[in-house]
Amino acid sequence: MHPISRYPLKPHFQHSSLFAKGLPEDIGDDEIRRIFRNFHQILRINIISADNSVGGSWRRLIWGEMKGAKVAQVEFSSIAIAEKAFAVLNLRVIPDSNPPVVLALSPSRDQSPYTLTFSGYPRLVNPIPSHFTDIDLYTLIRRFGALASARVDNTLGGIVQFWNEDDACAAEVSVRSAFARTSRVTLQAYDPRTIKCFNLPPSIDELGLRTLFEQFGYVTSIRVAHNSNGGCGLVSFIKPDEAFNAIQALHGTLLESKELVLRYHEPGTHFEDLAQPTSNGEVAQPKHQLTSTGHQGSANEIKKSSKSTTASSPSVEEAEKAKESAELLESERKRTKMQEQETQRKLEEKMRKEREEAELKEHEAAQKAHKEAELKARKDAEQEALKEAEQKAHEEAEQKAREAILQALRDTQQKTREEAEQKAHKEEELRARKDAEQKALKEAEEVHKEAERKAHEATIKMARDAEHRAREEDEQKARKESELKAREAESIAREATERKAREVEQNAQELEQAMQKERGESERKEAERKAQEAKQREHEEAERKEREAKQKEREEAERKEHEEKERAHLKEEARLKKWAEATKAEQERCHMRDNTRWAQIPWTDKYAIQHVLHAGSEFQKLQFSEGLPLVFESVPWPISESRSRLGPDNITSDNVKAFFASAKTSLKAEQYNKLLEVVHDLFLPDAWRERKALESVMDPSLRQSLGKAGNIVSQAVTPTFADALAIDPLKPHFLNSSLFVKNLPGAIKDEEIRRIFEEFEVLRVLTTRVEEPTAGGGGGKRNRKRKGKKGTKTVQIEFASITAAEKAFAILNLRVNIPGSIPPILLTLSPSPDQSSISEFTGNPRIVKSLPSFFVTDTQLYTFLRPFGPLASAHIDHTLGGVVQFWNDDDACAAEAVIRTVFAGSLKITLQAYDPCNIYCANLCPDVDEPTLRAVFEPFGVITSTRLMRGKGGRNICYGFVGFESPSEASNAMYALQGAILGSKSLTLRYHEPKMSSKPTVQPTLKKEETPTRDEPTSNQFQSGWGGSDKSSDDTAVESSNFCETHEEAKQEYEASRHYEEKLERLHTELSDSHNLRSSERETTESLRSQIKQLEEQVSDLRSTLREAELDRDALRVQSEEWRRKFTITDSRLKIVELEGDRPLWEAAKKKREMKEKEEAEKAEQARRKAELLESERKMRELLEQEKRRVLEDKARKEREEAQRKARERAIAEEKERARAKEAIRLKAWKEATQAEQQRCRLRDANLWGTIGEWANQHALQRVAILSTEFGQTKFSEEMPLTFENVPWPVLEDPMTLGVDDITWDSVEAFFVYAKTTQGVDRYKKFIETIHRLFHPDKWRARRALETVMEETLRKSLERAGNIVSQAITPLWRDTKNGP
């Protein structure tokens, strides 16, 4: 490895994702993965969007986001692979794409690939091996700096582009020194828009060279110089692609028997030095000759180096080696020359064939044009003859139509005359007949009117009588009166009235039948309704009785349950009372013990130690239960405080440490270690759980306080005990070198498990047991223990050492899927066959930040952090960095301190704790509130909290926190929403990193579900360790026996026993009072229940009464509806009788009206026919006259239009010819004026700055100042057009090589930075005011400067460059306005 590669390079990108834009609509994940097939470590591919909108802004046009274009996010395993893919594939054509599609990559969704900025020039890498690919070139050069592009060209060799020009310059020096003795690889900058031309003929001038290169693009500048050794030139294009195409096409071509040599211009080389002869009289050739292999330049350098080596070194072997190298390189050059000549011959042959094909095409086009002209003339003649024939036929048809119309008119007049005569005769006869009919009709009408009047009067009288009788009598009388009325009407109204009466009688009968039918139907329905109501009442009665029975059963069950609860409550109260009495008795016993032994002695640290030993011996023998509960006073707290003043608040880590510090000074080493061991064993949390010590505490707050105090003592004693035993942090955490995997599918073979652990020194893999379901309903203890999932097994993996087992556990546990498991099952490891998993971690996990790039595997991370303590987990996360979990949080804190101290210099590696359930959200919009934030994160899991941080006045300061219930939900949310758009900003998410204190505080680990059951036997873990021969312990026992023998001690015990008896009597009295109170309450409850039952019965009776009232109301409603219907039927019958009586009058009036309407219609028809006849005659005359006029007008109009058309065509042709000639003259003059202006600007620049030597920044400042005055006074027009050369561009580049692409924001800012440093404040303000006014877009539009540019591409380039300058100057101009 090269020494430079030892230092890790900082990645240029911030994320490991790339966005591919402008992809075809039908592309899928497989096609995208095939594009990136050389970059294997792809995590996922996500199709973000497909824009189907029509049109779009210029951003869509630049980014390739047109209609149907897709944008895909490709996430790699590391940032280094993402940078390599960008440099190799960006702006390359996608393979096998039809039509060709350019792959545009960007590190950001909102950034166009075409707006990425690079500083400096690209570089050529030569020589490189012929088999090198783009990836090989990237790998070779990447160690010297971050690359934006790397590709291999068959002509130029390797081409690379650095992101930073400083890296590129440093890379040139590093490459030159790194490969000075091996392959002599060099890194040389070049200008991709400027070409150097060597070996030019003497007859070639600037105009000839421009003619040669203008076919490839717009040439901005050309310079030519000649001497005795040949000519050279400098050609500048606007675009790099144009220069590249020119080199590919013209390099090696023959100009007047001279082979043209082209290469890119190297910045820093003066034009005057291009054609200077070398020491041996040859023209200076390019360092990197442009051949097909790209190695000729290096061959010349090697030849020169071999010559210099031969001249300077007396060694014969080196001379021979140099000579052989020179000969080989010379033969390679000749072979390359022959290849180039063959290529030139093929090119000339191709050009000759193209010329012949062009001549053949021109000849064919001329013949085709001649044939088309003949065909057109023939068609014109045929059309003229056709027109004459059509005109003649039209005239004949018109003549025949006129004759036919006149004949039809004569026939129509004759027929109309005959019809009029016949009609008049018929009208005379009809008139006579009508007179006779009218006379007879009048007489009949008079008789009929008299009869109708009498019938009407009788009908009215009968109707009134019928109405009066119908209201009083029943349905039978109404029917008889209707028949009588019908007979009287029959005698008056003749046969029609009799027929109508019969119909009325029939209708009445039908109505009567219908009424009878309806009455029977209603009676049937009423009977059914009553039967249904009776059935419903029976059903409700049965339901009521069933409810009452159920209610009684429920009340009886509730009563029994209440009595059972009362008994259980009383039993529980008695148990709690007994428990409380036992607690008080234990406290009194401990107080009496302490008062007896230590009340008369001044308290010192020595007696504190004796108290711990004595109370510890007693504490170890206690069997804790509700009869003998744990109290604060019975615990041997290692505190120096007096027992009378000792409380839970005194149990602190500092007090415990002070106690052991005092004990260390006052005891011997053996005694001190014995004391440490005793206290350490007594206060182990597992020992307390096994002994059920905390379960025997009645008060929850006291239980929590004791658990917390016990944990504090255990945590404070453990480091001291470890130091005393010289515990090594590298000591294994596990007790054996085996790991167990439970619930594996039975089909998994041991060889597959071995392959998973093959890098961890596995000795063997054994299947310890196969678990099958038990048969039958029996089965003893053994079967219950071995019962598991059907078809599963437990596998034991034995490693070579405990260290290897711990390493495998930390790296693979819950990280790898079990092979062959469907669905996939994570590999769960355990150091014990009876334990499915381990979760004995303390504290939070840690993130290892700023890891070097060579940390790519979990094994490297584990090896790096294992010296600080045993690790439970270690893996590399591509987003967070390294993630580790120590078994002990003290080891993690120690590792933090050491890493912070050791790596405080260059690497800055840190170890930081984080909360895996809490996400820190940054870059929020100010209008985002907490409900919005919760709604965004809710789809990923249960949210426990959301909080937005606010500043003064409640202002949102754009960041907050979201808490989840589990780490997996938080992880899914963070990975899914990282970079998502919320409002108008992109979310930035990471885990919350709480501030940790320098000393870790371990919370109590005792949980309810971890508490042992009451049926388990008491652990004998603490039965040993107390019977030693320590002198202090023996002295304490002797003193205890002496005190117990005193009379005072016996007296105090007697008084204490009497005190307890009095308390017990008081408690019995209180208990009896409580029983009496509960009995009275029970009686009151029973009386209330009986009252409630009576109220429910009354409510039930009221409901039945209400139901019967509703039924009566429904019956009355039905009866009223029936009477209303009968009255309506009777009323309708009376109206029908009245209408039938008036029928003769209606019919007579109808006949009279119809006769009158018929006469009027006949008269109107006669008048209409007569008018139509006259109108038809008039129209016929008008048609004949109009036809004559139309024929004459059409003929005159056609002649006039034909003459106008011919005149108009001649005028249009003449006008087009004049406009074409005028436009050609104008464009020619415009082009000549543009070229003249460009030539004038070039001569001006050559006169002013052509002789100054090397271009400097001061010259650029002078040039802008001079050109600004000229540019501001120029009145632009087609005679004085705007060109690139007459604009005072504020940049520091040489005007001879200045192009449109050089006008960038950075170059403009660099110019004004230099101007500010060289000019005074007032002068600088005036200068920037002038430039800002000159380049203001409104100023350019007002002066119509861009309209005077002839070429569209140049106009757009000048407009874009002017906008860049204006945008870059505006902030600087505002600073000068706002400044002092």
Side-chain angles (χ1 to χ4, degrees), residues 387-456 493-497 499-500 1139-1201:
K387 285 182 180 179
E388 291 177 357
E390 288 178 354
Q391 186 175 1
K392 187 176 180 180
H394 183 68
E395 290 176 355
E396 292 177 356
E398 287 180 351
Q399 183 65 27
K400 291 180 179 180
R402 283 196 296 272
E403 292 176 357
I405 290 171
L406 290 174
Q407 184 63 32
L409 182 60
R410 294 191 193 97
D411 296 341
T412 304
Q413 289 177 352
Q414 181 65 26
K415 188 176 181 180
T416 304
R417 235 183 268 113
E418 292 177 356
E419 290 179 354
E421 291 176 357
Q422 293 177 0
K423 191 173 182 180
H425 181 68
K426 289 181 179 180
E427 287 178 354
E428 288 293 334
E429 293 179 353
L430 183 63
R431 190 179 301 109
R433 192 182 302 113
K434 284 183 178 180
D435 292 339
E437 290 178 354
Q438 287 178 358
K439 186 176 180 181
L441 185 62
K442 286 180 180 178
E443 292 176 355
E445 283 180 355
E446 290 178 357
V447 175
H448 185 66
K449 284 181 180 178
E450 183 65 23
E452 285 180 349
R453 183 180 61 78
K454 292 180 180 179
H456 181 65
R494 298 189 182 92
E495 296 176 358
T497 307
R499 186 174 61 255
K500 190 65 180 178
L1139 291 174
E1140 289 297 330
D1142 296 339
R1143 178 177 292 277
L1145 299 176
W1146 298 345
E1147 291 178 353
K1150 182 179 179 180
K1151 290 179 180 179
K1152 186 176 180 181
R1153 186 170 59 255
E1154 288 176 352
M1155 292 177 65
K1156 187 176 180 180
E1157 290 176 354
K1158 187 176 181 181
E1159 291 177 358
E1160 292 176 354
E1162 289 177 353
K1163 291 179 181 179
E1165 180 67 20
Q1166 292 176 2
R1168 185 183 63 77
R1169 289 181 179 179
K1170 188 175 181 180
E1172 286 179 354
L1173 181 62
L1174 296 175
E1175 183 67 20
S1176 64
E1177 292 176 355
R1178 184 183 64 77
K1179 287 183 178 180
M1180 185 62 66
R1181 289 193 296 272
E1182 290 179 356
L1183 285 173
L1184 292 174
E1185 293 175 358
Q1186 289 177 0
E1187 185 66 22
K1188 292 179 182 179
R1189 288 196 302 271
R1190 187 183 64 78
V1191 171
L1192 295 175
E1193 289 175 357
D1194 288 346
K1195 187 175 181 181
R1197 179 177 56 77
K1198 288 180 180 178
E1199 293 175 354
R1200 186 169 59 255
E1201 287 179 353

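Every value quoted in this text rests on a predicted model; they were computed, and no experiment measured them.
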Any pair counted as salt bridge (Lys or Arg N to Asp or Glu O under 4.0 Å), so long as it reaches residues 1179-1193, sequence neighbours left out: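 Passing the test, one end in residues 1179-1193: E398-R1190, R1178-E1182, E1187-R1190, R1190-D1194.
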Pairs touching residues 1151-1161 that satisfy salt bridge (Lys or Arg N to Asp or Glu O under 4.0 Å), sequence neighbours left out: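 For residues 1151-1161, and leaving out neighbouring residues, there are no salt bridge (Lys or Arg N to Asp or Glu O under 4.0 Å) pairs at all.
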pair Q1186-L1183: side-chain heavy atoms closer than 4.5 Å: yes
E1199 vs K1195, salt bridge (charged side-chain N to carboxylate O under 4.0 Å, His left out): CA-CA, chis, key distance, verdict: CA-CA 6 Å; E1199 293 175 354; K1195 187 175 181 181; 5.1 Å; no
Sidechain N-carboxylate O distance under 4.0 Å for R1169, E1165: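 So R1169 pairs with E1165 through a salt bridge.
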